[in-house]
Amino acid sequence: MTIWEILGIDETLDDALIKKAYRKQVRLHHPEEDPDGFQRVRRAYEEALTHISSRLESDSETHVPLASSDVRQTSELSEIAQFDMILASAENRMNLSIWQQWAESVMMLSISQQEEISLYVLKAVMANRWLPPPIVHVFWERLGWQSYLRGTEEQQELGEFIDDWQKQPFLIPLGELQWLSHAEQRAILGFSRPLEVALSIGQPEAIDYLFSQPIVALHGHRIETQFILLRCAVACGLTSDSVLNSGLDELCQRSASSLSLQQWEIMVDVAFLFDRADLVSVITTRLLALNAFPEVADLLFRSTVGDDSLLPVCAAFLRQNWMPLPAVYWRAERRLLIKSDNSAEWRLFNWLHGQLLDQDDGSINHRLDLVGLSEFWQLIGGALWAGHSGSWAWLKQIKNALHSAQQFESGNRQTLMLLAEQWVSDALSKAKGCDTLQAKLSAYESDAMFSVEPLSYEELSSMSKPDWLESIRRHPLLPDSWFRQLEEAQVIVFEEFRDRSFSPHYADALCFYRAINRDVCLSSCWADAPFEGVFDWALWFYSHLATGGADKRDIISELSALPDAQKELEIGLLLPFAKQPDVYLPDAVQQLNRYPEQFVFRLIVDRQVTVLEDEERASLIEKGKNGDLLAIMALSRLLTNDSFDEAVVLWNLVAAVSSDSPHLQAVVDWQQQSLLTVREENDWVKESYEYAKPEFLHAMLTTNKEWFSLPSQIEEVDPIEEAKCFHYPMSLLLTQLHLGLNGAGYNLLPLKELSNRRAMQTPLQQDITDIAVLQLENMYRRKLDQDIEKKGEHASTYSRKQLTFMSIAMVLVWFFVFPMSVLTSSSFDTESVIGAAVFMTLIQGLLVWRLSQPILEKSNKNKYIGYSLFTCFAALLFKSPFLALVNVFAHFYTVSHLSPLYAKGGWNRSVVATRTVNMRKVLGFKK
């Protein structure tokens, strides 16, 4: 490359343009990062200047330039003289920009000139080791001193010394030193420089020694020096020093605005270091005057941490929200603990501590959960929670209450109140929406909220979607009219609520269920019959959507009396569960079915299942054998990890009938997800599953009826030995349960393997088989009751006894008529033989017609009809008693294989007559 290509310009005689290009290229090729590139640029620059000089000499004979040596000498003397002048000026030598300008001019000189100046400056700097690191840094960067690190051993040692010097922290702003005299600068820097070195390498002994020097007393009155000393004291952990103590007292007497916030923070550190609790309140007052609320919260936390009260965790909560620290800091903070027997205080503590750890703890879900706190902590806890998730109306109430109550407190409690008021004010400042919308929202927390007018277009459009979502989070009990308007405006979108979550948890769940259940109104829980205190009762009712919080009984005691009429409605149905939260209440659960659309009840049912999980397995099995679906689901949960196949069967037993018990659907869905997770974790997921193998049960984790094959298709498979005793017949049974008894009926013969091979089952499988058989029996019993109610006695369409008698009659016909007519036709006339044959054929046809009606499968029906008629005609034609016997056998075999219960849309007459279904007897169980 040519020198002009290196400089990035065209050939020119303009030295100003060359210098400009040089400065640009030098910035791209830093001497320390790219020394070779820097040297190329430097040589190109010098050659370009030489080129200009030679061209000017040849172009003008009259021009007599200075000799190059004279130029170099003049330039060198000028830069060195300028350096000496700057260094000698107390004001200029502390001006970093002047040094930078001087260094720029040096870079325009030749390499030899730069080297000479660099050596001169190096000697001067080494002779004045009090010079600040920022100035040495300029020399290091611009004079190429980093090259010493690559030189001889002696040069490397020198380079490392200067490098360490220019990197050291400098505690005094250069601007504060410009107006000092030369002697003062040298004195302060001569003291501070060793102090900085000692501070940087952690030598408290050296700092102690420096503190004993006269310079501390002479210059301790300067604020800059005082704060250097204070910072050193904090860094080195000096627990006492008379000079610093006296300086700290003096500084605390200054007005708040006379010091910067950073300086007040240093004083806080020193006050704690010197154990000067008397100054903490003074500094707190100064910080409050500066509106330094985050710093006050930090100060309050530090001064109270370790106390066994709620005060430090409240201060930590505010400090974290104003000046966030990594959550790991609070995980390591073991001094945050309270000593209290008050469960309400523990709830508040857990919620606050959860916020410090970035966890949405459900200890407090709404303002009613603050019940049980003292007046002071209810006010503080309410303020902190409301600032996070409370309504605008409640925030305003709390702000006024905090302002009024401050005069009755002092010390740390008053400081906490001031901070809580600021926290609430900050939250209120974020309230959005037009004035009329804010006026309507002011009715929140009162019964009037449910009677406010729908949103106007102006009110609806006065907030953005994110602002509306925040408002919904804080006001989840919005009127139904508002909620539907927000859905139409695409502010509330079910898919979005499904894929995201927020706190409070009950508000998140309420919005989700309101969005998915569009036909359910919020007011349904009080049956659209408002009463005094309905807002609080509605809040209590819908708060059941989340776990945790205060005991519902304690909350009830704080609410207005519930009207007697409401006790029989949805709100009232939750009272038994509130009074006995840890007791299984099957009768109360049954009452919930009166309101199948009420999504809150689904969570209640889930909690009842959770209560059952604490029972012994034997107790749950016994309840399951009695048809208790919640006990069956609880047993499925308990067996999920240890007995997966059995857990899948139990889940299917409940899932198959969940459509008839709507409040079980949520429980079914959640347990399904748990089972699917376990299946995936154990790598049991396959592209296809075979009916013949036990693993087919793993595929039966769906409630989609279209997924299930017809039982007749499964019956065609011959299972492997491992599947015969439990898995294969259970798959058939579950399939029948899921598809329901609403068609031709099912063949129950394959299910008899559950009884025939019972001895080969484990005790747990035997118990689950008993539970499953009962559920199958219940399915048949429900269908029987429905058909009898609808059809009466006409529900029966066949009788196995009658068909058996008809088969016996056919035997008698074959026995008496066939030998005396067909077999001895020679002794009878032709007319008599034909008459007998016709009679036998009619009896045969009647029997075949009646017997074929209850046959389940069309193919089996056709086989029976064809086979029986063929053997009948063949026996008559060939006069064969053997074929007659085969014909009789076909009838009896078919009768024995007819369903004893239900077939082709009708029932066995004996079942309808007794109105009972004994599935265990049908399947051949001994007991």
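Every value quoted in this text rests on a predicted model; they were computed, and no experiment measured them.
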- Message: For a side-chain contact (heavy atoms from CB on, under 4.5 Å) check, start with the C-alpha distance between Gln671 and Leu675, then their side-chain angles and the critical distance, and finish with the verdict.
- Response: CA-CA 6 Å; Gln671 175 61 3; Leu675 292 169; 3.7 Å; yes

Ion pair present between [X] and [Y], side-chain N to carboxylate O less than 4.0 angstrom?
{"X": "Asp358", "Y": "Arg331", "result": "no"}
{"X": "Glu622", "Y": "Lys625", "result": "no"}
{"X": "Arg474", "Y": "Glu470", "result": "yes"}
{"X": "Arg500", "Y": "Asp508", "result": "no"}

Would you say the side-chain atoms of [X] pair up with the backbone N or O of [Y], donor to acceptor, closer than 3.5 Å?
{"X": "Ser755", "Y": "Leu923", "answer": "yes"}
{"X": "Thr610", "Y": "Asp606", "answer": "yes"}
{"X": "Glu613", "Y": "Leu638", "answer": "no"}
{"X": "Asn365", "Y": "Ala546", "answer": "no"}
{"X": "Ser674", "Y": "Trp670", "answer": "yes"}
{"X": "Gln766", "Y": "Arg758", "answer": "yes"}
{"X": "Gln761", "Y": "Cys725", "answer": "yes"}
{"X": "Tyr595", "Y": "Cys525", "answer": "no"}
{"X": "Trp385", "Y": "His366", "answer": "no"}
{"X": "Arg800", "Y": "Ser896", "answer": "yes"}

Considering only heavy atoms from C-beta outward, does the side chain of [X] approach that of [Y] to under 4.5 Å?
{"X": "Thr547", "Y": "Arg607", "value": "yes"}
{"X": "Phe541", "Y": "Glu570", "value": "yes"}
{"X": "Leu478", "Y": "Ile472", "value": "yes"}
{"X": "Cys511", "Y": "Ile492", "value": "no"}
{"X": "Phe601", "Y": "Val589", "value": "no"}
{"X": "Gln665", "Y": "Thr703", "value": "no"}
{"X": "Leu749", "Y": "Lys752", "value": "yes"}
{"X": "Leu901", "Y": "Asn908", "value": "no"}

In terms of the angle between their ring planes, are [X] and [Y] parallel, tilted or perpendicular, with boundaries placed at 30° and 60°?
{"X": "Trp540", "Y": "Trp537", "result": "perpendicular"}
{"X": "Phe349", "Y": "His353", "result": "parallel"}
{"X": "Phe644", "Y": "Trp684", "result": "tilted"}
{"X": "His738", "Y": "Phe708", "result": "parallel"}

Nearest non-hydrogen partners of [X] and [Y], listed with the distance:
{"X": "Asn626", "Y": "Leu774", "value": "C-CD2, 3.7 Å"}
{"X": "Pro596", "Y": "Pro662", "value": "CB-CG, 3.3 Å"}
{"X": "Gln598", "Y": "His663", "value": "O-CE1, 3.3 Å"}
{"X": "Ala772", "Y": "Met730", "value": "CB-SD, 3.8 Å"}
{"X": "Pro581", "Y": "Val611", "value": "O-CG2, 3.7 Å"}
{"X": "Pro750", "Y": "Leu732", "value": "CB-CD1, 3.5 Å"}

- Message: side-chain contact (heavy atoms from CB on, under 4.5 Å), that's the test. Do Lys552 and Leu574 meet it? Break it down for me.
- Response: CA-CA 10 Å; Lys552 297 295 189 288; Leu574 287 189; over 6 Å; no

- Item | Ring centres under 6.0 angstrom apart (Tyr689, Phe696) | no

Does the side chain of [X] come under 3.5 Å of the side chain of [Y] through a donor N or O and an acceptor N or O?
{"X": "Trp907", "Y": "Asp787", "answer": "yes"}
{"X": "Ser709", "Y": "Tyr691", "answer": "yes"}
{"X": "Asp645", "Y": "His698", "answer": "yes"}
{"X": "Asp369", "Y": "Tyr506", "answer": "no"}

Take atom [atom1] of [X] as the centre, draw a 6.0 Å sphere, and report whether it contains more than 12 heavy atoms from other residues, nucleotides or ligands.
{"X": "Lys863", "atom1": "NZ", "value": "no"}
{"X": "Glu722", "atom1": "CD", "value": "no"}
{"X": "His794", "atom1": "NE2", "value": "no"}
{"X": "Asn704", "atom1": "CG", "value": "yes"}
{"X": "Tyr893", "atom1": "OH", "value": "no"}
{"X": "Arg617", "atom1": "CZ", "value": "no"}
{"X": "Glu789", "atom1": "CD", "value": "no"}
{"X": "Lys693", "atom1": "NZ", "value": "no"}

- Task: Report the residue from Leu733, Leu741, Leu734 that forms a side chain to side chain contact (heavy atoms under 4.5 Å, CB included) with Leu776.
- Result: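 Filter result, single survivor: Leu733.
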
- Item | NZ or CZ of Arg514 within 45° of Phe483 ring axis and under 6.0 Å |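 Here Arg514 passes the 6.0 Å and 45° test against Phe483.
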
- State which residues pass side chain to side chain donor-acceptor pair (under 3.5 Å) with Thr914; sequence neighbours excluded, sorted by chain then number. Thr916

- Working for ring pair (Phe, Tyr, Trp, His ring centres under 6.0 Å), residues His475 and Trp482: CA-CA 11 Å; His475 308 85; Trp482 287 30; 8.7 Å; no

- Task: Drop me the distance from Leu620's CG to Leu630's CG, to the nearest 0.5 angstrom.
- Result: 10.5 Å

- Query: What distance separates Leu477 CG from Ser523 OG, expressed to the nearest 0.5 Å?
  - Reply: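 So the gap between those two atoms works out to 12.0 Å.
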
- Query: Does the pair Asp551 and Arg347 meet the rule for a salt bridge (Lys or Arg N to Asp or Glu O under 4.0 Å), with working shown?
  - Reply: CA-CA 11 Å; Asp551 191 307; Arg347 283 198 305 275; over 6 Å; no

- Query: For Tyr542 and Leu522, what are the C-alpha separation, side-chain angles and deciding distance, and is it a side-chain contact (heavy atoms from CB on, under 4.5 Å)?
  - Reply: CA-CA 9 Å; Tyr542 288 109; Leu522 191 73; 3.4 Å; yes

- Query: Could you go step by step and tell me if Leu754 and Phe925 meet the side-chain contact (heavy atoms from CB on, under 4.5 Å) rule?
  - Reply: CA-CA 8 Å; Leu754 292 172; Phe925 286 90; 4.1 Å; yes

- Query: Which residues satisfy the salt bridge (charged side-chain N to carboxylate O under 4.0 Å, His left out) test with Arg781, sequence neighbours excluded?
  - Reply: Glu777

